[in-house]
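Below: one structure, written as structure tokens.
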Amino acid sequence: VIAYEVPIITQLVGLSATSYQVIATGSRKIVYSIVGINWQDSNIFENITPGPVRFYVRFEDSECLGLTKDGLSVNIINVITPNDDGVNDTWTFRDLDVFKDMPSNLKIYDRNGVMVYEQSSKNSFIWDGKFNGRSLSTSSYWYIMTLPDKVITGWILLKNRN
């Protein structure tokens, strides 16, 4: 039996909602991929298609893959219109289960800094634009989405009928 070295992904660093940096260790030059077919020297991936993404590493002079690691590229839609027309009625994020048993958290605040929504989940986030069962007024709201590998902050416009 001969021990064979492969690179190891030690960390995924979420740079933005759709960008990652792969941190890997190994004794030779490492190349990186998100498809497992096309390889690049850079460990930074930008503008990743939204959804679950699997990162691959290998040594440049080898075809043996190291262990993969999963992440989530998030598509942020900044408008919710909960008017029951079937379009943007909820603000939804799925595929949180790529992080295995590690929970994610979403907090939404109004312009006065009052938290109007919080959810922790291992599967998905779904916000219907309500606070304590009542529709919130049309306004901008701010969110903090804490995923196991990154924190995403931003704003969302809630447009109600009022």
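None of the values given here were measured: they were computed from a predicted structure.
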| task | Answer yes if V31 and F59 sit in the same cluster of Ile, Leu, Val, Met, Phe, Trp and Tyr residues linked by side chain heavy atoms under 4.5 Å apart, and no otherwise. | result | no
| message | Applying side-chain contact (heavy atoms from CB on, under 4.5 Å) to L136 and D110, what does each step give before you reach the verdict? | response | CA-CA 9 Å; L136 290 167; D110 69 10; over 6 Å; no
| Hydrophobic cluster membership, I37 vs I34, 4.5 Å side-chain cutoff | yes
| request: Kindly give the heavy-atom pair with the smallest separation between F99 and G71, and that separation in Å. | output: CE2-CA, 4.4 Å
| said: Run the side-chain contact (heavy atoms from CB on, under 4.5 Å) test on V53 and F45 for me, step by step, so that the C-alpha distance in whole Å, both residues' side-chain angles and the decisive distance to 0.1 Å come before the verdict. | reply: CA-CA 11 Å; V53 59; F45 295 89; over 6 Å; no
| Pairing residues for Y143 by the ring-ring contact (aromatic ring centres under 6.0 Å, His included) criterion, not counting sequence neighbours | W91
| With a 4.5 Å limit on heavy-atom distance, are the side chains of V87 and T81 in contact? | no
| said: Can a donor-acceptor pair be found, under 3.5 Å and without considering hydrogens, that links the side chain of T68 to the backbone of R54? | reply: no
| query | Got R111 and W142 here, is their nearest side-chain heavy-atom distance under 4.5 Å? | reply | yes
| task | Decide if atom CG of D61 counts as having more than 12 heavy atoms of other residues, nucleotides or ligands within a radius under 6.0 Å. | result | yes
| said: Between N112 (side chain only) and V114 (backbone N and O only), is there a donor and an acceptor less than 3.5 Å apart? | reply: no
| message | If you apply the rule side-chain contact (heavy atoms from CB on, under 4.5 Å), what do you find for N78 with L157, and how did you get there? | response | CA-CA 6 Å; N78 291 76; L157 172 65; 6.0 Å; no
| If you round to the nearest 0.5 Å, how far is CG of N160 from OG of S139? | 10.5 Å
With a 3.5 Å cut-off and sequence neighbours excluded, list the donor-acceptor pairs that the side chains of residues 1-14 form with protein atoms.
unit_1 : atom_1 : unit_2 : atom_2 : d
Y4     : OH     : S62    : OG     : 3.1
E5     : OE1    : S27    : OG     : 2.5
E5     : OE2    : S27    : N      : 3.0
E5     : OE2    : S27    : OG     : 3.2
T10    : OG1    : I23    : O      : 3.2

| field | Separation of Q119 CD from N105 CG (nearest 0.5 Å) | value | 8.5 Å
| note | What one should report as the nearest heavy-atom pair of D95 and G51 is OD2-CA, 4.4 Å
| task | Side-chain contact test, heavy atoms from C-beta onward, threshold under 4.5 Å: evaluate it for D97 versus K122 and give yes or no. | result | no
| Is there a side-chain contact between R28 and E60 (heavy atoms, below 4.5 Å)? | no
| task | Give, for atom CG of L106 and atom CG of L96, the distance between the pair rounded to the nearest 0.5 Å. | result | 9.5 Å
| query | Are L147 and M102 side-chain neighbours, meaning at least one heavy-atom pair lies under 4.5 Å? | reply | no
| request: For T92 and F125, run side-chain contact (heavy atoms from CB on, under 4.5 Å): C-alpha distance rounded to whole Å, both residues' side-chain angles, the deciding distance at 0.1 Å, then the answer. | output: CA-CA 5 Å; T92 305; F125 296 135; over 6 Å; no
| For I77, the rest of its hydrophobic cluster, which grows through side-chain links under 4.5 angstrom | none
| field | Joint cluster assignment, M145 & Y109, ILVMFWY side-chain distance < 4.5 Å | value | no
| task | Have a look at F93 and tell me which of I152, I76, N123, I126 forms a side-chain contact (heavy atoms from CB on, under 4.5 Å) with it. | result | I76
| Donor-acceptor contact below 3.5 Å, side chain K150 vs main chain L72 | yes
| So do the side chains of N47 and T18 get within less than 4.5 Å of each other, counting heavy atoms only? | yes
| query | Can you tell me if D128 and T90 form a side-chain donor-acceptor pair at under 3.5 Å? | reply | no
| said: If we ignore hydrogens and angles and just use 3.5 Å, is the side chain of T153 paired with the main-chain N or O of I144 as donor and acceptor? | reply: no
| task | Anything under 30° is parallel, anything over 60° is perpendicular, the rest tilted; go ahead and classify Y117 against W127. | result | tilted
| request: State, yes or no, whether a side-chain contact exists between S104 and S121 at a heavy-atom distance under 4.5 Å. | output: no
| query | Are I30 and V22 connected in the hydrophobic side-chain network, where two residues link if heavy atoms are under 4.5 Å apart? | reply | yes
| Within a strict 4.5 Å, meaning less than it, do heavy atoms of the Y32 and I44 side chains meet? | no
| said: Quick one: does any side-chain atom of E46 pair with a main-chain N or O of S16 as donor and acceptor, under 3.5 Å? | reply: no
| field | Where G36 and Y56 come nearest, the two heavy atoms and their spacing | value | N-CD1, 3.6 Å
| task | Working to the nearest 0.5 Å, report the span between CD of Q21 and CG of N43. | result | 4.5 Å
